[in-house]
Trainee: 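Let me give you the structure first, and then I'll get to my questions.
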Amino acid sequence: MRGRDEDVISGRIVEVEAYRGLEDGASHARFGRTQRNAVMFGPPGIAYVYLVYGMHHCLNVVTEVEGHPAALLVRAIEPIAGAEWMRAARIAWLASHAGNRSAVAIARGRDRLIAAPVTQLASGPGLICAAFGIDARDNGTDLCDPNSMLRLEPAPSEEPPPEIACGPRVSIGYAAEPWLSMPWRCWMKGSPALSRPGPKAAGTGGTDSARIEGTEPQ
DNA sequence: AGTTGGATGGTCT
DNA sequence: GACCATCCAACTG
């Protein structure tokens, strides 16, 4: 959720990935504390925002007590309020990162975005930050402070608990086992806003993904 | 439907 | 200097 009152834009987090501890070979914290990952070592509830591939930002929520580096990467959000603001922000992002692309390609991308369903406006870690206007300035923000311009709020209590499925994390090929296969990507089953479709041909199965039972105690 | 390559700059072993 | 917690366009079938 970002902004104030009638200007607020918000959405439901439908997909996350966990990065936990110094031992996690996929985590930014695997080489210890650095300038970039410093907030991961701080108190929980804080935003960890970084730049990847020179153009996309990613939003994480620090999750463990001070001294224990851990965070959840927010991978997909289903818009609730301000979807058209998000669409405009996505289009603006596209324009400002046009690079060498031809005018035709840019126009095509813009048209595609104008026609895109609301559920695809923030359906990826980079897309979330483009849609919500999140960048490095948000690094260190207290997401649990109701006064923050970027913040988390609990789901409405009347909402039934969602069905959660879990599987391996994405794009961490550099990591060794067991970290490569840890089922630490979790998503709301059946959400139309996931960063990629659910487990292949989910058709009949039900046992297509593992559930997180208990991870190592700290 | 699935694969491939380009964009782009901060970070680190 | 190599790598990257990504996305998109353009290409194959």
Side-chain angles (χ1 to χ4, degrees), chain A residues 13-41 47-63 69-77 86-87 89-117 119-132 134-140 166-187 193-203:
Chain A
I13 296 172
V14 297
E15 179 185 340
V16 297
E17 274 176 7
Y19 293 86
R20 188 163 190 250
L22 293 164
E23 319 78 31
D24 181 353
S27 172
H28 284 178
R30 66 192 182 279
F31 299 127
R33 182 182 184 130
T34 65
Q35 189 163 23
R36 176 176 65 160
N37 66 22
V39 305
M40 284 186 79
F41 289 74
Y48 169 43
V49 180
Y50 63 87
L51 182 69
V52 282
Y53 299 106
M55 45 173 57
H56 301 289
H57 289 277
C58 290
L59 170 68
N60 298 251
V61 183
V62 178
T63 50
L72 286 174
L73 168 66
V74 186
R75 286 195 56 87
I77 289 179
M86 297 183 202
R87 193 188 304 275
R90 287 283 310 279
I91 291 170
W93 189 97
L94 207 62
S96 62
H97 292 79
N100 290 332
R101 307 214 320 281
S102 72
V104 185
I106 293 169
R108 220 201 300 271
R110 191 174 131 274
D111 288 348
R112 199 180 52 74
L113 214 36
I114 287 173
T119 52
Q120 284 174 22
L121 293 176
S123 58
L127 304 185
I128 287 170
C129 290
F132 280 76
I134 295 167
D135 61 28
R137 296 188 305 256
D138 296 294
N139 191 42
C166 300
R169 294 172 290 182
V170 173
S171 293
I172 55 162
Y174 52 89
E177 297 290 5
W179 313 109
L180 183 59
S181 301
M182 284 294 196
W184 286 357
R185 169 178 175 241
C186 302
W187 62 91
L194 299 176
S195 68
R196 51 190 68 190
K200 309 182 175 190

Trainee: Give every donor-acceptor pair under 3.5 Å between a side-chain atom in residues 108-117 of chain A and any protein atom, sequence neighbours left out.
Mentor:
none

Trainee: Which residues pass the side-chain contact (heavy atoms from CB on, under 4.5 Å) test with A:Val170, sequence neighbours left out?
Mentor: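 side-chain contact (heavy atoms from CB on, under 4.5 Å) list for A:Val170, sorted by chain: A:Glu17, A:Arg75, A:Arg185, A:Arg196.
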
Trainee: Among all residues two or more places apart in sequence or in another chain, which pass the side-chain hydrogen bond (donor to acceptor under 3.5 Å, both in side chains) test with A:Asn139?
Mentor: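 Per chain and number, A:Asn139 pairs via side-chain hydrogen bond (donor to acceptor under 3.5 Å, both in side chains) with no residue.
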
Trainee: Need two values: the first and the last nucleotide of DNA chain B, 5' to 3', having an atom under 4.0 Å from any heavy-atom of chain A.
Mentor: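 The protein-touched segment is B:dA7 to B:dT13.
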
Trainee: Would you mind reading off the distance between A:Tyr19 atom OH and C:dA5 atom P, rounded to a whole angstrom?
Mentor: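 Atom OH in A:Tyr19 sits about 7 Å away from atom P in C:dA5.
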
Trainee: For nucleotides 11-13 of chain C, tabulate all protein N/O to nucleotide N/O atom pairs closer than 3.5 Å, reporting atom names and distance.
Mentor:
none

Trainee: Suppose we screen for side-chain contact (heavy atoms from CB on, under 4.5 Å). Which residues come up paired with A:Ser171, at least two apart in sequence or across chains?
Mentor: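 Checked A:Ser171 against side-chain contact (heavy atoms from CB on, under 4.5 Å); zero matches.
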
Trainee: List DNA chain B stems (3 or more consecutive Watson-Crick/G-U pairs, under 3.5 Å)?
Mentor: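 Counting only runs of 3 or more consecutive pairs, the stems involving DNA chain B are B:1-7 with C:6-12, B:9-12 with C:1-4.
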
Trainee: Using a 4.0 Å heavy-atom cut-off across all strands, classify A:His28 as base, sugar-phosphate, or nothing.
Mentor: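 Base, at least one base atom sits under 4.0 Å.
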
Trainee: Table please: side-chain donor-acceptor pairs of residues 21-29 of chain A below 3.5 Å, with sequence neighbours left out.
Mentor:
unit_1  : atom_1 : unit_2   : atom_2 : d
A:Asp24 : OD1    : A:Ala26  : N      : 2.9
A:Asp24 : OD1    : A:Arg169 : NH1    : 3.4
A:Asp24 : OD1    : A:Arg169 : NH2    : 3.1
A:Asp24 : OD2    : A:Arg20  : N      : 3.0
A:Asp24 : OD2    : A:Arg169 : NH1    : 2.7
A:Ser27 : OG     : A:Ala29  : N      : 3.0
A:His28 : ND1    : A:Tyr48  : OH     : 2.7

Trainee: Tabulate protein N/O versus nucleotide N/O from nucleotides 7-10 of chain C, keeping only pairs under 3.5 Å, one per line.
Mentor:
unit_1 : atom_1 : unit_2   : atom_2 : d
C:dC7  : OP1    : A:Pro125 : N      : 3.2
C:dC7  : OP1    : A:Gly126 : N      : 2.9
C:dC7  : OP1    : A:Leu127 : N      : 3.3
C:dC7  : O4'    : A:His56  : NE2    : 3.3
C:dC8  : OP1    : A:Arg90  : NH2    : 2.9
C:dA9  : OP2    : A:Arg112 : NE     : 3.4

Trainee: Can you name the ring pair (Phe, Tyr, Trp, His ring centres under 6.0 Å) partners of A:Trp179, sequence neighbours left out?
Mentor: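 Applying ring pair (Phe, Tyr, Trp, His ring centres under 6.0 Å) to A:Trp179 gives none.
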
Trainee: Just grab all the side chain to side chain donor-acceptor pair (under 3.5 Å) pairs involving residues 89-98 of chain A, residues at least two apart or on different chains.
Mentor: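 Residue pairs with at least one partner in residues 89-98 of chain A: there are none.
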
Trainee: Not counting sequence neighbours, which residues clear side-chain contact (heavy atoms from CB on, under 4.5 Å) with A:Ala193? List them please.
Mentor: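 So A:Ala193 forms a side-chain contact (heavy atoms from CB on, under 4.5 Å) with A:Val14, A:Glu78, A:Thr119, A:Ser191.
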
Trainee: Answer yes or no: does a side-chain N or O of A:Tyr53 lie under 4.0 Å from OP1 or OP2 of C:dA5?
Mentor: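 The answer is no; no side-chain N or O of A:Tyr53 sits under 4.0 Å from OP1 or OP2.
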
